[in-house]
*Asks:* 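Quick one: this structure, given as structure tokens, is what I'll be asking you about.
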Number of protein chains: 2
Amino acid sequence: MHTQTISAPAAKVLDIPHALKAEPVDPFSAIARFSGVIATEFSYKKDEEIYGEGEPSEYLYQISRGAVRTYKLLSDGRRQIGAFHLPGDVFGLDPSPEHRLTAEAIVDTTVRLAPRRSIEKAAASNVHVARHLWTMTACDLRHAEDHMLLLGRKTAMERVATFLLEMDRRLAKTGMLALPMCRRDIGDYLGLTLETVSRALSQLNDQGILMFSSARQIALRNRQRLSAMEA
Amino acid sequence: MHTQTISAPAAKVLDIPHALKAEPVDPFSAIARFSGVIATEFSYKKDEEIYGEGEPSEYLYQISRGAVRTYKLLSDGRRQIGAFHLPGDVFGLDPSPEHRLTAEAIVDTTVRLAPRRSIEKAAASNVHVARHLWTMTACDLRHAEDHMLLLGRKTAMERVATFLLEMDRRLAKTGMLALPMCRRDIGDYLGLTLETVSRALSQLNDQGILMFSSARQIALRNRQRLSAMEA
DNA sequence: CGCAGCATTGACGAATGTCAAGTAGCGTGG
DNA sequence: CCACGCTACTTGACATTCGTCAATGCTGCG
């Protein structure tokens with residue numbers, strides 16, 4: 001259980017910030033409000049497990065700060081990362097009683113969490129909550145469908161281009177990508193080895209499509225050419 | 001629109017068979033009943049498109065007879081089949097207003113269909129319907145997660161073994177697999193070429209793990225050894 | 001300042017894709 | 001009922017992409 005492994009100070013109770021709720025509607029906040037749930041904040045250290053595949057599904061999580069990977073393993077250790085979760089993202093949602101992927105903090109990470117039971121109870125009487133749950137799961141499904149196309153049919157370079165554009169869309173603030181994950185994580189997300197990822201990035205650098213300020217600080221210099229490469 | 005392309009006789013109105021509803025609860029029937037929807041039956045010829053990627057999502061489908069593939073295409077024609085749907089399976093569910101994959105009949109196929117609008121309306125007032133929708137989407141998501149692991153990390157032989165066991169589970173009646181799809185479909189599902197699929201099947205045949213009665217009629221002779229190969 | 005990961009790069013190998021030829025099965029029409 | 005032709009399938013030879021193994025370099029943190 002994650003509450004035992006954490007070394008952070010005692011979890012802090014906090015209000016979902018209502019100032020933000022005018023936006024496209026953050027589904028986590030919406031659900032928490034409808035459920036009358038007070039979300040709890042919680043922190044995990046880099047590489048700490050948040051939940052494991054097969055464990056009972058007890059909470060719904062939203063990232064405040066940090067980043068999370070969710071993955072499946074084969075018996076011999078081969079790993080497929082299904083998704084990276086970034087600040088604002090919700091994860092851990094799962095209508096089945098058990099998690100089907102393992103979740104780990106990629107860097108030191110703080111999440112808000114809401115007990116699954118309260119949410120279920122709210123969904124049983126409130127169709128808005130129920131619809132939000134459906135919508136979030138459907139959003140994960142869309143991502144998975146796109147990712148199956150990538151994994152099954154794209155070349156290494158196309159995968160890396162797609163990855164960069166996805167991250168650019170999701171976390172570019174200053175026109176600069178600050179990747180929280182290492183090359184191995186990227187490889188395990190894209191179905192490649194870390195060496196192949198590194199070679200593709202170097203090639204994009206050589207072509208002037210991106211520039212490294214450090215290995216994980218990347219500036220995209222030509223998004224159009226990158227888009228043309230993602231197939 | 002599929003109603004224009006169909007050459008079958010006029011759609012026939014029918015009742016959802018209530019005799020079957022004691023079973024593990026068929027979610028399609030459950031939803032139709034809660035929605036007060038009378039499902040319509042409809043037929044498609046082999047290789048006929050049921051809906052296209054990007055088209056408005058107007059119906060929920062359940063297969064009565066036949067088989068359906070849902071897929072995405074890259075611009076140059078590379079195809080990734082996301083799922084095969086067999087009798088009893090529901091497909092076309094999508095909380096977004098547009099389909100994100102194309103659906104085609106693999107063989108001559110009959111479906112029951114329920115208008116999406118009626119279902120949405122029912123879900124807006126009935127939490128049971130809403131939960132069924134969520135559960136079905138979650139079921140698709142689980143399959144997609146498993147399939148990402150296959151596409152990203154399994155070898156050709158492991159993919160084929162996994163495929164055979166999946167089909168065995170889903171459509172083996174007489175201990176014999178009657179595959180409705182061709183080798184190319186299998187390849188596009190597994191992220192392989194049809195030749196690689198064929199070679200893997202031949203190898204399993206040589207090893208005595210399966211037997212062909214014809215190219216698409218396969219008897220599994222040693223499920224245990226096959227399971228050991230799926231990684 | 002030095003160590004410990006992380007990343008890059010190179011040489012090579014293996015798995016799978018590509019191209020091509022040949023075969024078998026099946027539906028159609030004579 | 002048989003012959004034909006089409007399509008799907010199999011098999012082989014070869015090409016290519018990506019993975020593996022190994023050496024080296026970088027860098028960020030203590």
Side-chain angles (χ1 to χ4, degrees), chain A residues 45-47 67 69 74 76-80 106-108 150-161 163-164 177-207 210-218 229 231, chain B residues 45-47 67 69 74 76-80 106-108 150-161 163-164 177-207 210-218 229 231:
Chain A
K45 290 240 166 67
K46 175 173 148 70
D47 293 327
R69 57 181 171 247
L74 292 175
D76 63 358
R78 280 174 288 173
R79 181 178 67 158
Q80 179 62 45
I106 296 173
V107 294
D108 289 358
L150 178 148
L151 293 170
R153 288 302 179 213
K154 291 191 183 180
T155 66
M157 184 54 86
E158 288 165 351
R159 295 181 201 202
V160 171
F163 169 75
L164 288 171
L177 286 184
L179 298 178
M181 71 291 283
C182 66
R183 297 291 189 264
R184 175 173 299 278
D185 284 347
I186 299 174
D188 285 352
Y189 178 58
L190 300 179
L192 300 170
T193 60
L194 64 94
E195 291 95 333
T196 300
V197 171
S198 180
R199 278 184 249 269
L201 289 171
S202 295
Q203 194 179 326
L204 290 170
N205 182 44
D206 294 345
Q207 295 174 358
L210 58 78
M211 255 186 61
F212 289 105
S213 107
S214 76
R216 300 196 190 178
Q217 287 279 340
I218 297 178
M229 302 184 73
Chain B
K45 290 236 166 69
K46 176 172 148 71
D47 293 328
R69 59 183 168 245
L74 293 174
D76 64 358
R78 279 174 287 173
R79 181 178 69 158
Q80 179 62 45
I106 295 174
V107 294
D108 290 357
L150 177 148
L151 293 170
R153 288 301 178 216
K154 291 192 183 179
T155 67
M157 185 55 86
E158 288 165 352
R159 296 181 200 202
V160 171
F163 169 76
L164 287 171
L177 286 183
L179 298 178
M181 71 292 284
C182 65
R183 297 292 189 265
R184 174 174 299 278
D185 285 346
I186 299 173
D188 285 352
Y189 179 59
L190 299 178
L192 300 170
T193 60
L194 65 95
E195 291 94 334
T196 299
V197 172
S198 181
R199 277 184 250 268
L201 290 172
S202 295
Q203 194 180 325
L204 290 170
N205 181 45
D206 294 346
Q207 294 174 359
L210 59 79
M211 254 187 59
F212 290 105
S213 110
S214 75
R216 300 197 190 175
Q217 288 278 339
I218 298 177
M229 303 184 75

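Chain identifiers are assigned alphabetically (A, B, ...) following the order of the sequence lines, protein sequences preceding nucleic acid strands; residue numbering begins at 1 within each chain.
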*Asks:* Starting at atom CG of A:Asp108, determine the distance to atom P of D:dC29, rounded to an integer number of angstrom.
*Replies:*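 Rounded to whole Å, this separation is 12 Å.
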*Asks:* Quick one: does A:Leu151's side chain get under 4.5 Å of A:Gln80's, heavy atoms only?
*Replies:*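 In contact.
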*Asks:* Roughly, in whole Å, what's the span from CZ in A:Arg79 to P in D:dG19?
*Replies:* 15 Å
*Asks:* Specify the separation, in whole Å, of atom CG of B:Leu204 and atom C1' of D:dT10.
*Replies:*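 For the pair B:Leu204 CG and D:dT10 C1', the rounded distance is 15 Å.
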*Asks:* So if I take residues 186-197 of chain A and measure heavy-atom distances to DNA chain C, which residues fall below 4.0 Å?
*Replies:* A:Leu194, A:Glu195
*Asks:* For B:Asp47, check side chain to side chain donor-acceptor pair (under 3.5 Å) against everything at least two apart and list the hits.
*Replies:* B:Arg69
*Asks:* Sequence neighbours left out, what passes side chain to side chain donor-acceptor pair (under 3.5 Å) with A:Arg159? Give chain and number order.
*Replies:* none
*Asks:* Would you mind checking if A:Asp108 and A:Lys45 are paired as a salt bridge, meaning a charged N to carboxylate O distance below 4.0 Å?
*Replies:*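 Not counted as a salt bridge, because no side-chain N and carboxylate O are separated by less than 4.0 Å.
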*Asks:* Taking any atom under 4.0 angstrom from a heavy atom of chain A, which nucleotides of DNA chain C are the first and last to qualify, 5' to 3'?
*Replies:* C:dC6 to C:dA11
*Asks:* Taking only residues two or more places apart in sequence or in another chain, which ones pass salt bridge (charged side-chain N to carboxylate O under 4.0 Å, His left out) with B:Arg183?
*Replies:*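 Applying salt bridge (charged side-chain N to carboxylate O under 4.0 Å, His left out) to B:Arg183 gives none.
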*Asks:* By side chain to side chain donor-acceptor pair (under 3.5 Å), which residues pair with B:Asp76, not counting sequence neighbours?
*Replies:* B:Arg78
*Asks:* For residues 190-201 of chain B, dump all side-chain donor-acceptor pairs below 3.5 Å to protein atoms at least two apart in sequence or in another chain.
*Replies:*
{"from": "B:Thr193", "atom 1": "OG1", "to": "B:Thr196", "atom 2": "N", "distance (Å)": "3.3"}
{"from": "B:Thr193", "atom 1": "OG1", "to": "B:Thr196", "atom 2": "OG1", "distance (Å)": "3.0"}

*Asks:* Do B:Arg153 and A:Asp188 come close enough that some side-chain heavy atom pair is under 4.5 Å?
*Replies:* yes
*Asks:* Just how far, in rounded Å, is C1' of D:dC9 from CD of B:Gln217?
*Replies:* 15 Å
*Asks:* Is there side-chain contact between B:Met211 and B:Leu204, with heavy atoms separated by less than 4.5 Å?
*Replies:*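 A side-chain contact under 4.5 Å is absent here.
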*Asks:* Would you kindly give the CZ-to-P distance between A:Arg199 and D:dT16, to the nearest whole Å?
*Replies:*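 Between P of D:dT16 and CZ of A:Arg199: 18 Å.
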*Asks:* Could you pull out the protein-nucleic contacts involving nucleotides 2-8 of chain D (nitrogen or oxygen on both sides, under 3.5 Å)?
*Replies:*
{"from": "D:dA8", "atom 1": "O3'", "to": "B:Arg216", "atom 2": "NH2", "distance (Å)": "3.3"}

*Asks:* Take the C1' atoms of the five end pairs on each side of the helix from C:dC1-D:dG30 to C:dG30-D:dC1, derive the two axes, and give their angle rounded to 10 degrees.
*Replies:*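 That helix has its two terminal axes inclined by roughly 40°.
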*Asks:* A side-chain contact here means heavy atoms from C-beta on lying under 4.5 Å apart; do B:Ile106 and B:Lys46 qualify?
*Replies:*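 Result no, sub-4.5 Å side-chain heavy-atom pair not found.
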*Asks:* Go through the steps for B:Glu158 and B:Met229 under the test side chain to side chain contact (heavy atoms under 4.5 Å, CB included), then give the verdict.
*Replies:* CA-CA 6 Å; B:Glu158 288 165 352; B:Met229 303 184 75; 5.8 Å; no
*Asks:* Taking atom CZ of B:Arg79 as the centre, report whether more than 12 heavy atoms of other residues, nucleotides or ligands fall under 6.0 Å from it.
*Replies:* yes
*Asks:* Can you name the residues that form a side chain to side chain contact (heavy atoms under 4.5 Å, CB included) with B:Gln217, not counting sequence neighbours?
*Replies:* B:Met176, B:Ala178, B:Ser213, B:Ser214
